[in-house]
Undergrad: 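Encoded as structure tokens, here's the structure I'll be asking about.
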Amino acid sequence: MPYLVIYDGLCNLCTNGVKLLEQLDRGQQFRYAPMQDTATLAQWGIPPEQMELGMIVIDLEQPEHRWQGSAAIEQIAALLPTGSLWLALYRNLPGLKLLGDWGYAQIRDHRYEWFGRRDTLYLPAVCERCRDPLTEKD
């Protein structure tokens with residue numbers, strides 16, 4: 001599993017997206033960590049405030065390769081079957097990428113208001129640390 005997806009584990013839209021990705025990927029390429037897991041963020045040198053800019057995808061074989069926000073969504077799409085075809089179309093239609101970047105920022109900034117906030121942290125079956133960092137005592 002060469003990629004780590006860091007997502008908002010309390011966001012309904014984000015967790016549903018991770019659930020869908022889990023079904024599509026079936027544990028082949030991705031591991032997951034909620035942004036609320038500060039130990040995982042620290043392990044990868046990510047300050048918690050950086051997560052305000054959106055989800056992050058890290059290439060675990062080359063950790064210096066990272067994507068955030070709409071670029072992370074594009075990287076995930078590129079790794080899925082037929083994703084490269086759709087991504088090429090998205091990037092080559094004039095104005096569509098700019099609209100996608102703007103749309104991602106709007107959704108990111110209003111995700112709880114528009115899609116709701118979970119009461120409990122979502123942890124996928126294939127997760128980085130597989131524990132609930134909100135209830136863990138240091």
Undergrad: For the residue pair Gln50 and Ile56, what are the closest heavy atoms and their distance?
TA: NE2-CD1, 3.9 Å
Undergrad: Can you name the nearest heavy-atom pair linking Gln68 to Met51, along with the distance?
TA: NE2-CA, 4.2 Å
Undergrad: Determine the interplanar angle of the Trp67 and Tyr3 rings, folded into 0 to 90°, and report it as parallel if under 30°, tilted if 30 to 60°, perpendicular if over 60°.
TA: tilted
Undergrad: In this structure, would Leu20 and Leu13 fall into the same cluster of hydrophobic residues linked by side-chain contacts under 4.5 Å?
TA: no
Undergrad: To the nearest 0.5 Å, what is the distance between CG on Leu10 and OH on Tyr122?
TA: 13.5 Å
Undergrad: Which atom names give the shortest non-hydrogen contact between Gly54 and Arg108, and what distance separates them?
TA: N-CD, 3.6 Å
Undergrad: Heavy atoms only: give me the nearest Pro124-Val18 pair and the separation to one decimal.
TA: CG-CG1, 3.6 Å
Undergrad: With a 4.5 Å cut-off on side-chain heavy-atom distances among I, L, V, M, F, W and Y, is there a chain of contacts connecting Leu98 to Tyr90?
TA: no
Undergrad: Indicate if Ile107 and Trp102 have the same hydrophobic cluster label, given that clusters are the connected sets of ILVMFWY residues with side-chain heavy-atom separations under 4.5 angstrom.
TA: no
Undergrad: Heavy atoms only: give me the nearest Ser70-Gly100 pair and the separation to one decimal.
TA: CB-O, 4.5 Å
Undergrad: To the closest 0.5 Å, what do you measure between CG (Leu96) and CG (Leu89)?
TA: 7.5 Å
Undergrad: State the CG-CD1 distance between Leu53 and Ile46, to the nearest 0.5 angstrom.
TA: 11.5 Å
Undergrad: What closest approach, in Å, do Asp8 and Cys14 show between heavy atoms, and which atom pair accounts for it?
TA: O-CB, 3.3 Å
Undergrad: Return the CD1 to CG distance between Ile73 and Asp101, rounded to the nearest 0.5 Å.
TA: 11.0 Å
Undergrad: Measuring from Ile58:CD1 to Arg31:CZ, what's the distance to the nearest 0.5 Å?
TA: 10.0 Å
Undergrad: I'd like to know whether CH2 of Trp114 has more than 12 heavy-atom contacts from other residues, nucleotides or ligands below 6.0 angstrom.
TA: yes
Undergrad: With a 4.5 Å heavy-atom cut-off, do Asp37 and Leu41 have their side chains touching?
TA: no
Undergrad: Under a 4.5 Å side-chain heavy-atom rule over Ile, Leu, Val, Met, Phe, Trp and Tyr, are Phe115 and Leu21 clustered together?
TA: no
Undergrad: Is there a path from Leu85 to Leu80 through hydrophobic residues (I, L, V, M, F, W, Y) whose side chains come within less than 4.5 Å of each other?
TA: no
Undergrad: Is any side-chain heavy atom of Arg66 closer than 4.5 Å to a side-chain heavy atom of Leu4?
TA: no
Undergrad: Please assess His65 against Gln75 for the test side chain to side chain contact (heavy atoms under 4.5 Å, CB included), listing each intermediate value before the final yes or no.
TA: CA-CA 11 Å; His65 294 159; Gln75 181 61 23; over 6 Å; no
Undergrad: What is the distance from atom CD of Gln36 to atom SG of Cys11, rounded to the nearest 0.5 Å?
TA: 9.5 Å
Undergrad: Test side chain to side chain contact (heavy atoms under 4.5 Å, CB included) on Thr40 and Tyr32; report intermediate values, then the result.
TA: CA-CA 10 Å; Thr40 296; Tyr32 309 91; over 6 Å; no
Undergrad: Is any side-chain heavy atom of Tyr104 closer than 4.5 Å to one of Met55?
TA: yes
